[in-house]
Enquirer: 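Next up is a structure, given as structure tokens.
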Amino acid sequence: MPKLVYDFTEGNKDLKDLLGGKGANLAEMTNLGLPVPPGFIITTEACRYYLQEGKVPAGLAGEVTTHLRQLEEKMAKQLGDHQDPLLVSVRSGAKFSMPGMMETVLNIGLSDESVQGLAKQANNERFAWDAYRRLIQMFGKTVLDIEGDAFEHAIEAAKQAKGTKNDLDLDAGDLRALVDTFKGIVRDHSGRDFPQDPREQMDMAVNAVFNSWNADRAILYRRQERIPADLGTAVNIVAMVFGNLGPDSGTGVAFTRDPGSGQRGVYGDYLQNAQGEDVVAGIRNTVPLQDLEQLDPKSYGELMQIMSTLENHYRDLCDIEFTIERGKLWMLQTRVGKRTAGAAFRIAMQLVEQGLIDMDEALMRVTGDQLGQLMFPRFDASGDVRQIAKGISASPGAAVGKVVFDSGRAVEQAAAGQDVILVRRETNPDDLHGMIAAQGILTSRGGKTSHAAVVARGMGKTCVCGADELEVDLAGRKFTAPDGVTVSEGDVISIDGTSGVVFLGEVAVVASPVVEYFERNLDPESDELVSAVNAIMKHADERRRLGVRANSDTGDDSARAVRFGAQGIGLTRTEHMFLGERRQLVENMILADDDETRKAALDALEPLQRGDFVEILAAMEGLPVTI
């Protein structure tokens, strides 16, 4: 077998096929001299072998041991040591970002013994027990396939007993009791005790990452995004840094530009005294990244410099995850960020203007699907509409549908031909099939970097997140707006992903500015987005070698095709001319008992069809038409 494990210092961003996107970019940041916790990557080749043979390659355990020893030397700690434990995270990382893959397992190395050592070293007993309960919860859900609700119900019960809705109000004693409860859940649901050996924890988590490649939600996402099924995933094992050590610590997600609109500026979410998954999961509502400047000016300034470095290095919008541990900034991930269709066009032209890419590259950075998304209509809020809530504009668009509260119901209703809006407190990878089926997604928790927002943007779905004024009652299948309006499952709402507004009932829509531009009703320079579309479309026309013709069988459609830039009609389907009111004439002709009746029907049809041809040929103004 070839080399199966790479240190971060041995990789680079061009090795995504081998090291996955996450690992390759961690290696790239390491080589740029950015503050990345040390770690190593198990290659996609090891995953492919595991999936084919049903076991890990023979040499993998030895290579992992060698790299683990090197990591322990760098950190001057041993994995799971009882006095001063090294803890690691295990993360999946395929070549392409895949929200359907296994969730991260943090704090591997904690046990009944090492949690005591962690508490002493951190001088924070609450932090240690919180880290331990997180490990058991993540391990139980992602490695042992225990339903996540079992742990969530236990947390909610602990908060209710404490008389609070905030996780941070649970003290060390509460969390120690929660650890015992979680271990009981593991025992009851898996038939085994939570493993106390740190290497066993790590090896089981690695195998779970490999297995997650063929999980239902991963397969569904690959089909949705047309990702090949034989790539396999890498596994990233990284030394833990902690954002939940107190108010001088935290975690966040940052974008070098707004992934929703493409506008330049400081965009992202930050959460004090939290670990990384808290931000993405949307369990606690975050503060805007700009607030970090007041909370920790030194880390904020360093982060701004790093963001500039990464954007100039990758020549694109970068999506960054970071942790601050007692005032020390650590970079946990970067990748070229998912964005909405409008942001894709705007950012491509901005980068051209900055001299970072040329027009050919800008053209390759946008797709026909994205252009199609920009032609969807928008809400017309000038009429008699009722706004019931406002959240964060996570992914633009106008979506109308009946409210559903779980993903299974969304799929069922969509299959029956219903337009639905999926409403959740927050989404997680298990909701992927419902998100695909829904017209739009509305959550009461989370920000622009939550799971719902990131996945929706990647799929071009309308999404409003963090509408925290809504009380979502999943069990009762209803939500209540601040003015007392109750919306039950099956009621219609309209959500505006551009403004973040939620309307009661169905709201009328108006044409998009991009359509108005193609219809030649709008000055290309009147709007930044339209200007970007205009520039890229003109360059596409200059570069293309293939002519474009339309399919059209009416004069109106033919005239529109010319306005949209068609160079002729590739096919006029004459059978389409015999539909609608004309169908009766066709039926008369077919069912005629004699030549006279048949001729009468044909004589009535002929001038109608001849009129269609006159309109089509006149509209095309001499351009070729195939009939």
Enquirer: Just by modelled atom types, is the Gly447 backbone N or O under 3.5 Å from a matching donor or acceptor in the Ser450 side chain?
Expert: yes
Enquirer: Side-chain donor-acceptor pair under 3.5 Å between Gln350 and Arg257, yes or no?
Expert: yes
Enquirer: Using the rule given for side chain to side chain contact (heavy atoms under 4.5 Å, CB included), can you reason through Gln354 versus Leu351, listing the C-alpha separation, both sets of side-chain angles and the distance that settles it, and then say yes or no?
Expert: CA-CA 5 Å; Gln354 289 179 249; Leu351 295 174; 4.0 Å; yes
Enquirer: Check the angle between the aromatic planes of Phe242 and Phe127 and answer parallel, tilted or perpendicular using the 30° and 60° thresholds.
Expert: perpendicular
Enquirer: Is a side-chain donor or acceptor of Asn31 paired with a backbone partner of Gly11 at a separation under 3.5 angstrom?
Expert: yes
Enquirer: With side chain to side chain contact (heavy atoms under 4.5 Å, CB included) as the test, pick out the partner of His313 among Leu32, Thr334, Leu34.
Expert: Leu32
Enquirer: Taking atom CG of Leu18 and atom OH of Tyr6, what is their separation to the nearest 0.5 Å?
Expert: 5.0 Å
Enquirer: Should Thr233 and Thr44 be marked as a side chain to side chain contact (heavy atoms under 4.5 Å, CB included) after you check the CA-CA gap, both sets of side-chain angles, and the distance that decides it?
Expert: CA-CA 5 Å; Thr233 180; Thr44 57; 5.6 Å; no
Enquirer: Kindly say whether Ala394 contributes a backbone atom to a donor-acceptor pair with the side chain of Arg457 at under 3.5 angstrom?
Expert: yes
Enquirer: Pick one: which of Asp258, Leu289, Leu317, Val253 meets side chain to side chain contact (heavy atoms under 4.5 Å, CB included) with Tyr267?
Expert: Asp258
Enquirer: So which of Ile237, Leu332, Val235 actually passes side chain to side chain contact (heavy atoms under 4.5 Å, CB included) with Arg91?
Expert: Leu332
Enquirer: Do other residues, nucleotides or ligands put more than 12 heavy atoms under 6.0 Å from Arg226 CZ?
Expert: no
Enquirer: Quick check against the 3.5 Å criterion: does Arg176 have a side-chain atom that pairs as donor or acceptor with the backbone of Glu125?
Expert: no
Enquirer: Do Ile42 and Phe210 have side chains that get closer than 4.5 Å, going by heavy atoms?
Expert: yes
Enquirer: Contact between Asn236 and Gln333 at the side-chain level, heavy atoms closer than 4.5 Å - yes or no?
Expert: no
Enquirer: Report yes if some heavy atom in the side chain of Tyr270 is under 4.5 Å from a heavy atom in the side chain of Leu295; otherwise report no.
Expert: yes
Enquirer: Between Arg126 and Asp171, does a salt bridge (Lys or Arg N to Asp or Glu O under 4.0 Å) hold up when you go through it step by step?
Expert: CA-CA 6 Å; Arg126 184 199 181 281; Asp171 60 25; over 6 Å; no
Enquirer: So, for Ser97 and Tyr221, which heavy atoms are closest and what is the spacing to 0.1 Å?
Expert: O-CE2, 3.6 Å
Enquirer: Tell me whether the count of non-hydrogen atoms from other residues, nucleotides or ligands lying under 6.0 Å of CZ in Arg264 goes above 12.
Expert: yes
Enquirer: Kindly say whether Lys461 contributes a backbone atom to a donor-acceptor pair with the side chain of Ser395 at under 3.5 angstrom?
Expert: yes
Enquirer: Which pair of non-hydrogen atoms, one from Leu19 and one from Ala234, has the smallest distance, and what is that distance?
Expert: O-CB, 3.2 Å
Enquirer: Test side chain to side chain contact (heavy atoms under 4.5 Å, CB included) on Leu4 and Tyr49; report intermediate values, then the result.
Expert: CA-CA 11 Å; Leu4 297 172; Tyr49 181 95; over 6 Å; no
Enquirer: Does any N or O in the side chain of Arg339 come within less than 3.5 Å of the main-chain N or O of Gly262, such that one atom is a donor and the other an acceptor?
Expert: no
Enquirer: Is the number of heavy atoms from other residues, nucleotides or ligands under 6.0 Å of Gln83 CD greater than 12?
Expert: no
Enquirer: Check for a donor-acceptor pair, side chain of Asp431 on one end and backbone N or O of Asn428 on the other, with a separation under 3.5 Å.
Expert: yes
Enquirer: Hey, are the side chains of Met240 and Leu106 touching, using non-hydrogen atoms and a 4.5 Å cut-off?
Expert: yes
Enquirer: Are the side chain of Arg199 and the backbone of Gly80 linked by a donor-acceptor contact shorter than 3.5 Å?
Expert: no
Enquirer: Do any N or O atoms from the side chain of Thr181 and from the backbone of Ala177 form a donor-acceptor pair under 3.5 angstrom?
Expert: yes
Enquirer: First locate atom CD1 of Ile136, then atom NZ of Lys183, and finally report the distance between them rounded to the nearest 0.5 Å.
Expert: 6.0 Å
Enquirer: Please state whether the rings of Phe40 and His67 are parallel, tilted or perpendicular, taking 30° and 60° as the class boundaries.
Expert: tilted
Enquirer: Would you kindly say whether Asn107 and Gln275 are connected by a side-chain donor-acceptor distance under 3.5 Å?
Expert: yes
Enquirer: Is it true that the side chains of His433 and Ser407 contain a donor and an acceptor less than 3.5 Å apart?
Expert: no
Enquirer: Tell me if the CG atom of Asp188 is crowded by more than 12 foreign heavy atoms within 6.0 Å.
Expert: yes
Enquirer: Out of Thr286, Ile392, Thr251, Val287, which residue meets the side chain to side chain contact (heavy atoms under 4.5 Å, CB included) rule with Asp269?
Expert: Thr286
Enquirer: Taking all heavy atoms of Thr443 and all of Ala452, pick out the closest pair and write down the distance.
Expert: CG2-CB, 3.9 Å
Enquirer: Quick one: do Arg217 and Asp430 satisfy salt bridge (Lys or Arg N to Asp or Glu O under 4.0 Å)? Show the steps, please.
Expert: CA-CA 7 Å; Arg217 66 194 190 198; Asp430 292 332; 2.5 Å; yes
Enquirer: On a heavy-atom basis, which atom in Pro35 and which in Glu302 lie closest, and how many Å separate them?
Expert: CG-OE2, 3.9 Å
Enquirer: Taking C-beta and beyond as the side chain, do Ile146 and Phe151 meet within less than 4.5 Å on heavy atoms?
Expert: yes
Enquirer: For Asp84, look at atom CG and say whether over 12 heavy atoms of other residues, nucleotides or ligands are found less than 6.0 Å away.
Expert: yes
Enquirer: Tell me whether Asp130 is salt-bridged to Arg134, with the criterion being a basic N under 4.0 Å from an acidic carboxylate O.
Expert: yes
Enquirer: How about Asp7 and Thr9: does a side-chain donor come under 3.5 Å of a side-chain acceptor?
Expert: yes
Enquirer: About how many Å separate CZ of Arg335 and SG of Cys318, when rounded to the nearest 0.5 Å?
Expert: 11.0 Å
Enquirer: Could you walk me through whether Arg425 and Glu156 satisfy the salt bridge (Lys or Arg N to Asp or Glu O under 4.0 Å) test, starting with their C-alpha distance in whole Å, then the side-chain angles of each, then the deciding distance to 0.1 Å, before giving a yes or no?
Expert: CA-CA 14 Å; Arg425 291 195 186 102; Glu156 290 301 321; over 6 Å; no
Enquirer: Is the number of heavy atoms from other residues, nucleotides or ligands within 6.0 Å of NZ (Lys74) greater than 12?
Expert: yes
Enquirer: Is the backbone of Ser114 close enough, under 3.5 Å, to the side chain of Ser111 for a donor and an acceptor to pair up by distance?
Expert: yes
Enquirer: Could you tell me whether the side chain of Met138 reaches within less than 4.5 Å of the side chain of Thr104, counting heavy atoms only?
Expert: no
Enquirer: Rounded to the nearest 0.5 Å, how far apart are CG of Leu71 and NZ of Lys77?
Expert: 11.0 Å
Enquirer: Answer whether the closest heavy-atom distance between the side chains of Lys159 and Asn166 falls below 4.5 Å.
Expert: no
Enquirer: Check whether the side chains of Thr65 and Arg69 place a donor and an acceptor atom closer than 3.5 Å, and report yes or no.
Expert: no
Enquirer: Are side-chain heavy atoms of Phe182 and Val179 found at a separation under 4.5 Å?
Expert: no
Enquirer: Could you tell me which non-hydrogen atom of Val186 sits nearest to which non-hydrogen atom of Asp193, and how far apart they are?
Expert: CG1-C, 4.3 Å
Enquirer: Can you check side chain to side chain contact (heavy atoms under 4.5 Å, CB included) on Gln201 and Phe194, steps first, answer last?
Expert: CA-CA 9 Å; Gln201 293 174 9; Phe194 176 77; 3.6 Å; yes
Enquirer: Give the minimum heavy-atom separation between Leu356 and Arg315, together with the two atoms involved.
Expert: O-NH1, 3.2 Å
